2 protein chains.
Amino acid sequence: MRSYAQYCAVARALDVVGDRWALLVVRELLLRRRCRYKDLQDGLPGISTNVLTERLRDLVDAGVVRHVDPSPPIATPLYELTSRGTELAPVLHALGTWGAELMAAPQRDDTFRGHWLAFPISRLADSAPNDPPVTVQIRAGGELIVVETDHGAVRANPGRATAADVDLDGPPDLVLAVLRGELPLAEAEACGVRVAGDVKVLARLVPATTSAAASIPATTHEGDNP
Amino acid sequence: MRSYAQYCAVARALDVVGDRWALLVVRELLLRRRCRYKDLQDGLPGISTNVLTERLRDLVDAGVVRHVDPSPPIATPLYELTSRGTELAPVLHALGTWGAELMAAPQRDDTFRGHWLAFPISRLADSAPNDPPVTVQIRAGGELIVVETDHGAVRANPGRATAADVDLDGPPDLVLAVLRGELPLAEAEACGVRVAGDVKVLARLVPATTSAAASIPATTHEGDNP
DNA sequence: CGGCATCCTCTTTGATACTG
DNA sequence: CAGTATCAAAGAGGATGCCG
């Protein structure tokens, strides 16, 4: 991408990750950790091979992604984030939080992968941080996600829970609505969500207070917008 | 921009603000609040009129920006963020924090505007939140910025301070380096930074601990990357 | 399978001229 | 000053083919 050529931190960041698909490549590597080229293609439906190749090259050049060459025992090369790359997590989180509002319903011909739920889910919070932790096993889009509370925050990761309090299985938008407390369980079950286990713990997950922020638009001073 | 057509919060967000220039338009409106078309052009050197027009239209359609039409007394139409738009502040902050690492030195033919410093600066923290607040007046790029501590955090806004503890005036990269504590004052002054006032308070501004985050790459579970 | 190259088409940009 | 119109150049998307 053409550089913005601005001495500005935001513009500099966008010079690196502002290209189409770039942040979604980072999303995949953040969620799935270490991926083969093919895994990335699967997690980025719609990307074409030449674009994926070019993005990977650019991100490697920028120090965001590392190409792990297949040393003898291993057959296929892998991609993973560098530490600089994992530092993009707050960016993805902020975007996911903002975008969660737009997840009301899947559009026709939207693609879906289960692990994508991790971003909108991790914006929830445990209402009672001092209670014993909650573990929810989700099955959606043919993938498994574990949702766990962690001192008030909620983490979501692809994987299988060893001992989940409750299992949810169903269409992603409904599962999401249940977790957000926007859809009563009875209704969800009527719509095709399978629920098993201790459903009471779900009530402890609540939408995080959008501490929103805007620390920038603060007090005004003389001279604002002169 | 073509939609990613993914049922994913991050992709949905990027469908709205992933276009080239879009987040920089938001940056301007976040920092300057209410802008005329011309103000935006000035704050976005390199953007062309048709692209600016199209971005504004798209952002208005998406509910991020509001077009304030000139009611009789006022002559020129203005643009401002909606509340949904100001909710993008955490995204810009995260990007600014990440991009701050790339601000070592301005490249030749980088453009610069003083108010852009607000993002890398607000990533600092006051080392002693309980001390009386620090106010720094900065002059860079022909603009004035006020830096103030606020219960440990640091805010930076365009404008003139009524009573600053210390004044800094000089090239942006040097001013930034001084604030970050990376450049001793004596050296900075030798390089053309003018400093006036109570320089001791500068020592209380320190780089915020990159709580970094990555709440996503958490514990691994069976089934990770099967 | 991993990965790059090529050809083609369509969309998005950038630059600039132009109008109310 | 705000914004549209026009056009050339770049980039994205899709298909396909190649090579280790």
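What you see is a predicted model, and the numbers here were worked out from it, not measured in a lab. Sequence lines set the chain letters: A, B, ... in the order given, protein chains first and strands last, and positions in each chain run from 1.
One finds no side-chain N or O of A/K38 lying less than 4.0 angstrom from the OP1 or OP2 phosphate oxygen of C/dG2. The side chain of A/H67 places an N or O atom within less than 4.0 Å of a non-bridging phosphate oxygen (OP1 or OP2) of C/dG3. Contact annotation: B/R57 side-chain N/O to D/dA2 OP1/OP2 distance is not under 4.0 Å. For A/Y79, a side-chain nitrogen or oxygen approaches OP1 or OP2 of C/dG3 to under 4.0 Å.
Ion pairing of B/R12 with A/D110 is present here, as a side-chain N (NZ or NE/NH1/NH2) and a carboxylate O approach within less than 4.0 Å. With respect to A/R34 and A/E80, a salt bridge is recorded, a charged nitrogen being found less than 4.0 Å from a carboxylate O.
In terms of polar N and O atoms assigned as donor or acceptor, the side chain of B/T49 comes within less than 3.5 Å of the base of D/dT4 in a complementary pairing. With hydrogens and angles ignored, no donor-acceptor pair under 3.5 angstrom links the side chain of B/N50 to the base of D/dG3.
Remark on DNA chain C: of its neighbouring residues A/E54 and B/E54, the 5'-side contact belongs to A/E54, judged by nearest-heavy-atom nucleotide.
We find that CG of A/L56 is positioned 13 Å from P of C/dA5, with the value rounded to whole Å. Going from atom OH of A/Y37 over to atom P of C/dA5 covers 11 Å, rounded to whole Å. Between A/D58 atom CG and D/dA12 atom P there is a gap of 9 Å when expressed in whole angstrom units. Counting to the nearest Å, the C1' atom of C/dT11 and the CZ atom of A/R20 are 10 Å from each other. Rounded to whole Å, the distance from CZ on B/R55 to P on C/dT12 is 9 Å. Across the protein-nucleic acid pair, B/Q41 atom CD and D/dG3 atom P stand 10 Å apart, rounded to whole Å. One interatomic measurement links the two molecules: CH2 of B/W21 to C1' of C/dG14, which rounds to 10 Å at whole-angstrom precision. Here D/dG3 presents its P atom at 9 Å from CG of B/L52, a figure rounded to the nearest Å.
The side chain of A/V51 approaches D/dA12 more closely than any other nucleotide in the set D/dA2, D/dA12, C/dC4.
A distance of 7.5 Å separates CG in B/L176 from CD in B/E182, rounded to the nearest 0.5 Å.
A/Y37 and A/T53 share a side-chain donor-acceptor pair at under 3.5 Å.
Between the side chain of B/R27 and the main chain of B/F119, no donor-acceptor pair closer than 3.5 Å is present.
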